[in-house]
Engineer: 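Before we start, here is the structure in question, set down as structure tokens.
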Amino acid sequence: MGNRGMEDLIPLVNKLQDAFSTIGQSCNLDLPQIAVVGGQSAGKSSVLENFVGRDFLPRGSGIVTRRPLVLQLISANAEWAEFLHCKGKKFTDFDEVRQEIEAETDRITGANKGISPVPINLRVYSPHVLNLTLIDLPGITKVPVGDQPADIEQQIRDMIMQFICRESCLILAVTPANSDLANSDALKLAKDVDPQGQRTIGVITKLDLMDEGTDAREVLENKLLPLRRGYIGVVNRSQKDIDGKKDIKMAMAAERKFFLTHPAYRHMADKMGTPCLQKVLNQQLTNHIRDTLPAFRSKLQTQLLALDKEAEEYRGYRPDDPGRKTKQLLQMVQQFSVDFEKRIEGSGDQVDTVELSGGAKINRIFHERFPFELVKMECDDKEMRREISYAIKNIHGIRTGLFTPDMAFEAIVKKQIVKIKEPCIKCVDMVIQELINTVRQCTNKLDCFPRLREETERIVTSHIRDRESKAKDQVLLLIDVQLSYINTNHEDFIGFANAQQSSKQSNKQSSAVNQVIRKGWLTINNISIIKGGAKEYWFVLTAESLSWFKDDEEKEKKYMLPLDNLKVRDVEKGFMSSKHAFAIFNTEQRNVYKDNRFLELACDTQDEVDSWRASLLRAGVYPERSSNDNFSMDPQLERKVETIRNLVESYMAIVNKCIRDLMPKTIMHLMITNVKDFINAELLAQLYSAGDQGALMDESQEQVQRRDEVLRTHQSLKEALAIIGDISTSTISTPMPPPVNDWKKVKPMISGMSGMCNTQLPHLFPPRSPPTSPTGSRRMSSGQRPSPGGGRGAPPPPNRPGPLGPFNNSADSPQVPSRPNRAKASYSAYILLLTKTTSTFRMAL
């Protein structure tokens with residue numbers, strides 16, 4: 001490759017890549033793209049080839065580059081090229097690469113000068129390149145030829161803009177020297193996207209083809225149309241040189257000779273030529289690399305600090321030490337016990353913010369899920385009435401009874417009490433499952449010792465299963481106790497007399513207390529889209545009403561819905577909806593809210609839906625039941641059924657209240673507290689009796705790898721930081737040149753100031769005399785004052801008058817050079833004018 005500057009950067013980038021590869025990370029330097037922009041046949045492709053150092057692009061007259069060529073340079077051990085449209089095919093001969101570019105261009109655009117914005121993607125793998133992206137763009141043209149469209153100029157402009165608009169793209173604005181720089185389309189496009197000139201470099205080509213007696217000296221000296229980064233002149237190979245197989249190395253030698261021998265450019269030869277352009281571009285790449293180093297350093301230092309403590313623990317680690325194993329076993333069991341208790345009792349060191357777990361979920365089972373299951377069992381009023389009527393009829397048998405039989409009441413109550421067994425057993429199962437989940441979560445910290453984790457889970461889970469049977473036996477015993485004796489003398493039982501006199505509505509009003517049952521956020525789904533669509537409100541459920549507010553401050557009430565004649569039904573989850581919903585409707589076919597026959601409410605999870613439904617059941621809003629059986633009875637039987645139904649409802653309220661109170665206490669005592677005590681007192685002994693303690697504390701292969709990886713990564717991070725420090729000290733960042741616009745404003749002011757001083761104040765700023773010889777200078781300092789009119793030619797420079805002071809009249813006082821006497825200008829006028837001039841000059845700067 002011919003780009004020596006790029007080869008100098010390769011070791012620097014390889015160091016960074018090696019530093020990051022040792023810690024298993026990628027060093028994404030994101031080096032900037034380099035795009036060449038210019039008119040047709042301006043020499044863009046030649047500039048690009050010189051930068052790459054390979055001869056592989058199509059050449060010729062007219063428009064040759066008719067599709068954007070996105071060239072990706074990739075550092076590799078061998079050298080070959082590969083096209084995106086020819087995946088898997090390697091090109092080792094770069095003449096074939098040129099032929100493939102021409103063939104692929106013709107395939108899309110045709111052979112008659114057509115253009116296309118579809119880029120050709122070429123990858124060049126080589127040990128002599130950096131990971132860069134170079135873009136060869138079609139030349140800007142004005143008049144369409146061949147198959148080119150009428151708006152060829154606008155199409156090429158849009159094609160170029162989509163590449164050079166990116167902030168990470170360096171723009172090489174290529175202009176031939178034998179054209180007018182003021183009409184350069186490349187500079188115009190570059191100024192549109194980069195007005196500050198921070199990423200634009202002017203490139204002047206074809207300096208050797210200028211007319212006799214003309215040169216581009218003012219352009220290259222950045223005087224004619226100044227750029228912030230200036231201009232660099234290059235001399236590319238002619239078509240004759242290319243046809244004669246003149247390689248890039250010989251072409252660069254000829255270019256060097258041209259600049260050294262040309263009278264207009266020899267004084268700036270060191271700043272011209274392809275090597276200088278390569279140097280500027282490579283310095284820009286170096287600046288980019290240096291700019292990324294602080295972020296890399298900060299990232300590595302953060303990782304190093306995170307690993308310091310763990311690496312220090314592993315450094316003196318001895319896996320086969322029996323004392324260490326015993327100590328670590330005690331620590332692990334103690335930590336497991338503490339974690340389990342914290343998850344059950346709360347205040348854990350790792351609080352789950354995603355879902356309920358541990359003690360919080362068990363609390364929800366006790367006070368939401370279990371009451372919900374109990375209330376669900378009571379809600380089928382029609383079924384209960386039917387059962388009561390059948391019981392009354394069966395008790396009377398062939399006779400027609402005159403009184404309400406108490407045996408019917410007892411039979412129905414016992415049947416309802418038996419139904420409680422199912423939700424009670426379900427409650428125990430849910431608590432057991434949560435305890436097992438909690439044990440598994442707590443054993444996550446034992447992952448590094450798989451045998452220990454496995455034995456701990458087995459022992460604790462087996463104990464939980466042992467306690468399960470005892471807890472269920474005790475729960476069933478509670479139910480059997482309730483079945484054994486129906487206490488109709490309970491103080492909360494209404495009795496036969498009150499049951500006969502009360503009605504369902506009066507009973508509901510006497511028992512219902514307007515207390516707040518639940519508060520929370522719900523989304524109303526079935527609001528009209530015209531009115532804003534689904535909205536979220538703060539709902540408050542009491543025993544008599546359901547109200548919703550704008551927010552949880554409960555200041556702006558939107559609506560209050562009485563609970564009379566309301567029921568709940570399920571709503572299928574919508575295809576596009578992520579929420580779970582249920583609906584409230586009126587059994588008398590009345591509108592629930594404004595013009596809506598039902599109110600569709602939505603929650604984020606199904607658990608929240610079940611919880612709200614349980615709360616509505618407590619408030620007397622029951623689920624919808626589909627029943628096609630129109631059961632009817634005579635008025636006398638209906639009165640008996642209503643009496644027994646009121647008695648059953650009163651007694652079951654007593655039973656449910658007792659069960660709801662005893663169930664959490666029973667489970668807590670027989671299971672949760674017992675499991676905690678077992679872990680604290682028995683787990684360690686069970687582990688010791690399970691087998692070889694040394695085998696329990698054998699590390700997993702993953703833990704061994706983790707320890708080795710931590711130590712290796714820690715050392716690699718230190719080495720990577722040292723490499724970054726070396727790169728920071730071994731490379732130099734070139735500062736950005738100042739904006740040229742400021743100097744363009746200041747220079748005319750300075751020139752005007754100088755002219756004003758020379759014209760308006762000639763006696764204060766006399767013309768600068770030519771420098772005198774060293775002998776004359778020494779002669780001037782001898783202290784003798786020459787006569788004003790003596791001598792031939794220009795008068796010698798006058799001496800400055802001696803200062804006023806004690807030595808003014810002394811013969812031994814030193815003689816100080818002074819200006820000639822000024823008869824027409826006073827000393828104060830001189831000071832005033834000088835002050836104004838200085839102030840104006842400073843403001844200009």
Side-chain angles (χ1 to χ4, degrees), residues 328-374 423-449 452-475 478 518-520 605 607-608 610-611 614-615 657-687:
Q328 203 158 22
L329 175 61
L330 294 173
Q331 290 175 343
M332 288 292 181
V333 172
Q334 185 178 9
Q335 185 63 45
F336 172 77
S337 175
V338 171
D339 289 345
F340 182 83
E341 186 162 357
K342 283 184 176 180
R343 283 187 174 272
I344 296 298
E345 301 295 337
S347 70
D349 54 348
Q350 295 179 350
V351 179
D352 191 349
T353 59
V354 178
E355 61 179 1
L356 293 179
S357 62
K361 195 162 187 178
I362 293 173
N363 179 275
R364 185 174 183 177
I365 292 170
F366 285 159
H367 302 294
E368 288 188 12
R369 297 296 301 275
F370 179 59
F372 173 63
E373 297 294 333
L374 289 178
C424 290
I425 297 299
K426 187 175 181 181
C427 178
V428 174
D429 290 336
M430 288 190 291
V431 172
I432 288 172
Q433 187 59 48
E434 187 55 34
L435 282 176
I436 293 174
N437 292 339
T438 303
V439 169
R440 289 174 179 166
Q441 290 171 353
C442 293
T443 55
N444 285 337
K445 292 184 178 180
L446 307 179
D447 274 342
C448 51
F449 304 105
L452 177 62
R453 175 177 182 173
E454 181 183 344
E455 283 298 313
T456 302
E457 283 189 10
R458 182 188 65 79
I459 292 171
V460 178
T461 303
S462 298
H463 182 75
I464 291 174
R465 291 300 181 186
D466 290 342
R467 302 303 300 177
E468 175 187 4
S469 58
K470 295 182 179 179
K472 287 183 177 179
D473 290 343
Q474 183 63 32
V475 167
L478 291 177
R518 186 184 178 90
K519 295 182 179 182
T605 64
D607 284 345
E608 289 185 48
D610 293 341
S611 181
S615 300
K657 183 177 180 181
C658 181
I659 294 296
R660 280 202 305 266
D661 180 60
L662 288 176
M663 275 294 294
K665 295 177 180 179
T666 302
I667 295 174
M668 196 71 191
H669 173 70
L670 293 178
M671 293 195 61
I672 299 175
T673 303
N674 184 274
V675 170
K676 286 195 298 183
D677 293 341
F678 172 80
I679 293 173
N680 288 327
E682 301 292 334
L683 177 59
L684 186 60
Q686 295 270 2
L687 287 171

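The shown structure was predicted, so the numbers you read here are calculated from the model rather than taken from an experiment.
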Engineer: Take I672 and V431 through the test side-chain contact (heavy atoms from CB on, under 4.5 Å) and record every step on the way to the result.
Structural biologist: CA-CA 9 Å; I672 299 175; V431 172; 4.3 Å; yes
Engineer: Would you compute the distance between atom OG1 of T461 and atom CZ of R440 and round it to the nearest 0.5 angstrom?
Structural biologist: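 Reported to 0.5 Å precision, the distance equals 6.5 Å.
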Engineer: Start with the C-alpha gap between R453 and E457, add the side-chain angles, then the distance that decides, and say whether salt bridge (charged side-chain N to carboxylate O under 4.0 Å, His left out) holds.
Structural biologist: CA-CA 6 Å; R453 175 177 182 173; E457 283 189 10; 3.1 Å; yes
Engineer: If you take all heavy atoms of P371 and F366, which pair is closest and at what distance?
Structural biologist: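 Looking at all heavy atoms of both residues, the closest pair is CD-O, 3.2 Å.
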Engineer: I would like to know whether I659 and V475 meet side-chain contact (heavy atoms from CB on, under 4.5 Å); could you show each step before the answer?
Structural biologist: CA-CA 9 Å; I659 294 296; V475 167; over 6 Å; no
Engineer: Is the backbone of L670 close enough, under 3.5 Å, to the side chain of N674 for a donor and an acceptor to pair up by distance?
Structural biologist: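 Here the side-chain-to-backbone pair does not exist.
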Engineer: Check whether T673 reaches the backbone of H669 with its side chain - one donor and one acceptor, N or O, closer than 3.5 Å.
Structural biologist: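 Not at all, since once roles are kept as given, no pair shorter than 3.5 Å links the two residues.
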Engineer: Taking all atoms of both residues into account, what is the closest heavy-atom pair of D607 and R364, and its distance?
Structural biologist: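 For D607 and R364, the tightest heavy-atom pair comes out as O-NH2, 3.0 Å.
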Engineer: If you take all heavy atoms of R518 and S611, which pair is closest and at what distance?
Structural biologist: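 The answer is NH1-OG, 2.6 Å.
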Engineer: To the closest 0.5 Å, what do you measure between CD (E468) and CG (D466)?
Structural biologist: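 Those atoms lie 9.5 Å apart.
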Engineer: What is the minimum heavy-atom distance between V460 and F678, and which atoms define it?
Structural biologist: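 In terms of heavy atoms, the two residues are closest at CA-CE2, 4.4 Å.
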Engineer: Judged by atom type as modelled, is there a donor-acceptor pair below 3.5 Å linking the side chain of T443 to the main-chain atoms of L446?
Structural biologist: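 The answer is no, because no donor-acceptor pair under 3.5 Å joins these two groups.
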Engineer: First locate atom CG of L478, then atom CG of L662, and finally report the distance between them rounded to the nearest 0.5 Å.
Structural biologist: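 Going from CG on L478 over to CG on L662, the span is 5.5 Å.
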Engineer: Salt bridge (Lys or Arg N to Asp or Glu O under 4.0 Å) with D429: which residues, sequence neighbours excluded?
Structural biologist: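 For D429 the salt bridge (Lys or Arg N to Asp or Glu O under 4.0 Å) partners, ignoring immediate neighbours, are K472.
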Engineer: Enter the distance from L435:CG to K361:NZ here, rounded to the nearest 0.5 Å.
Structural biologist: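 NZ of K361 is found 12.0 Å from CG of L435.
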Engineer: Is it the case that the side chain of N437 and the backbone of Q433 share a donor-acceptor pair, with hydrogens and angles ignored and the cut-off at 3.5 Å?
Structural biologist: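 Judged by distance alone, yes, a pair lies under 3.5 Å.
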Engineer: Supply the atom-to-atom distance T438 OG1 to I362 CD1, rounded to the nearest 0.5 angstrom.
Structural biologist: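 So the gap between those two atoms works out to 5.5 Å.
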Engineer: Return the minimal non-hydrogen interatomic distance between A614 and E368, and the atom names on each side.
Structural biologist: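 Result for this residue pair: CB-O, 4.1 Å.
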Engineer: Please find the pair of heavy atoms, one from F336 and one from L683, that lie closest to each other, and give the distance.
Structural biologist: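 Result for this residue pair: CD2-CD2, 3.7 Å.
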